[in-house]
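Report on one structure; see the data block that follows.
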Amino acid sequence: KVLIALEELGLPYKVHWVDISKGEQFDPDYLAVSPGGKIPAIVDRDDRGPVAVLFESAAILIYLADKTGKLLAPGGAARYRTLSWLSWQVGSQGPMLGQATHFHSHARNNGIDAPYAVERYRGEARRCYATMESHLMNNKWFGADYSIADIALFPWTRTARGQGIELGEFPQVSAWSERIA
């Protein structure tokens, strides 16, 4: 999400990969930037040093949009519509589709069969896609225009099959995802 926004905004950046398979997210230097040890995190610098240290995708996306004046309206209904969908991504879409992916794909690939969990989170994933589909029936984007909400919601649609979802069942979401891609 953050890399998409950085590219869309044309901001220069340098990636510092954190190898979570080696536990690098728990190194003291990384925890100083992201106290929960989660990725992503950014340190925005200027000639004098750090300007902002941020963790969590939503906070970073809001910061980058506000910094550039792009992808998020400066105020009013358009801003709050975008922030509402961004919050929905953080509180609903991301967690539910993450669990759907875990139980539908990762757990099964590791020999763990949990039918209740698979069905529960596939149902939650379907509910999330249905919510998006309903919105997109009357709207081109999740913000008033293409925004950080679209950027945040988009990556999960690229892995729908791993969640047990056929994206073609949600034609509006599918078309929206292709517009962004």
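Keep in mind that what you see is a predicted model, and the values were worked out from it rather than measured. The first residue of the sequence shown is numbered 1, and numbering continues consecutively from there.
Among Arg122, Arg126, Arg161, the single residue meeting the salt bridge (Lys or Arg N to Asp or Glu O under 4.0 Å) criterion with Glu166 is Arg161. Residue Ile62 is tested with Thr82, Leu71, Ile148 for a side chain to side chain contact (heavy atoms under 4.5 Å, CB included); the sole match is Ile148.
Between Tyr146 and Glu8, the side chains place a donor N or O and an acceptor N or O closer than 3.5 Å (distance only, hydrogens not considered). Side-chain contact check for Thr159 and Gln163: at least one donor-acceptor pair (N or O, by modelled atom type) lies under 3.5 Å. For the 3.5 Å distance criterion, the side chains of Glu169 and Tyr129 fail to qualify, holding no donor opposite an acceptor.
Within the 4.5 Å cutoff, no side-chain heavy atoms of Leu6 are placed close to those of Pro12. No side-chain heavy atom of Ile20 sits under 4.5 Å from any side-chain heavy atom of Phe26. Pro35 is listed as a side-chain neighbour of Phe55, based on a closest heavy-atom distance under 4.5 Å.
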*asked:* Evaluate Lys22 against Asp27 for salt bridge (charged side-chain N to carboxylate O under 4.0 Å, His left out), listing each step before the verdict.
replied: CA-CA 10 Å; Lys22 294 180 180 175; Asp27 289 349; over 6 Å; no
*Could you walk me through whether Arg79 and Asp66 pass the side-chain contact (heavy atoms from CB on, under 4.5 Å) check?*
CA-CA 11 Å; Arg79 181 180 182 88; Asp66 283 345; 3.1 Å; yes
*asked:* I'd like to know whether Trp156 forms a side-chain contact (heavy atoms from CB on, under 4.5 Å) with Gln93, so could you lay out the CA-CA distance, the side-chain angles of the two residues, the decisive distance to 0.1 Å, and finally the verdict.
replied: CA-CA 8 Å; Trp156 285 107; Gln93 188 218 36; 3.3 Å; yes
*Would you check, one step at a time, whether the test salt bridge (charged side-chain N to carboxylate O under 4.0 Å, His left out) holds for Lys140 with Asp145?*
CA-CA 8 Å; Lys140 186 174 181 180; Asp145 294 306; over 6 Å; no
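Residues Tyr121 and His104 keep their aromatic ring centres 6.0 Å or farther apart. For an aromatic pair to be called close, the ring centres must be under 6.0 Å apart, and Phe142 with Trp176 satisfies this.
Two different hydrophobic clusters hold Ile39 and Leu97 under the rule that ILVMFWY side chains link at heavy-atom gaps under 4.5 Å. Hydrophobic clustering (side-chain heavy atoms under 4.5 Å, transitive across Ile, Leu, Val, Met, Phe, Trp, Tyr) keeps Val43 apart from Trp17. Hydrophobic clustering places Ile42 together with Leu9 (ILVMFWY residues linked when any side-chain heavy atoms are closer than 4.5 Å, directly or through intermediates).
A donor-acceptor pair under 3.5 Å links the side-chain atoms of Glu133 to the main chain of Gln172, judged by distance alone.
In terms of heavy atoms, Leu61 sits closest to Ala5 at CD2-CB, 3.4 Å. Contact record, Phe170 with Ala130: CE2-N, 3.7 Å, taken as the closest heavy-atom pair.
Ring geometry, His102 versus His106: the interplanar angle falls from 30° to 60°, so the pair is classed tilted.
The existence of a salt bridge linking Asp150 and Lys1 is excluded, since no basic side-chain nitrogen approaches an acidic carboxylate oxygen closer than 4.0 Å.
With rounding to the nearest 0.5 angstrom, the CD atom of Glu124 is 8.5 Å from the OG atom of Ser92. Annotation: the span from Leu64 atom CG to Asp44 atom CG amounts to 7.5 Å, rounded to 0.5 Å.
Both tests hold for Arg179 against Trp141: distance to the six-membered ring centre under 6.0 Å, angle to the ring axis within 45°.
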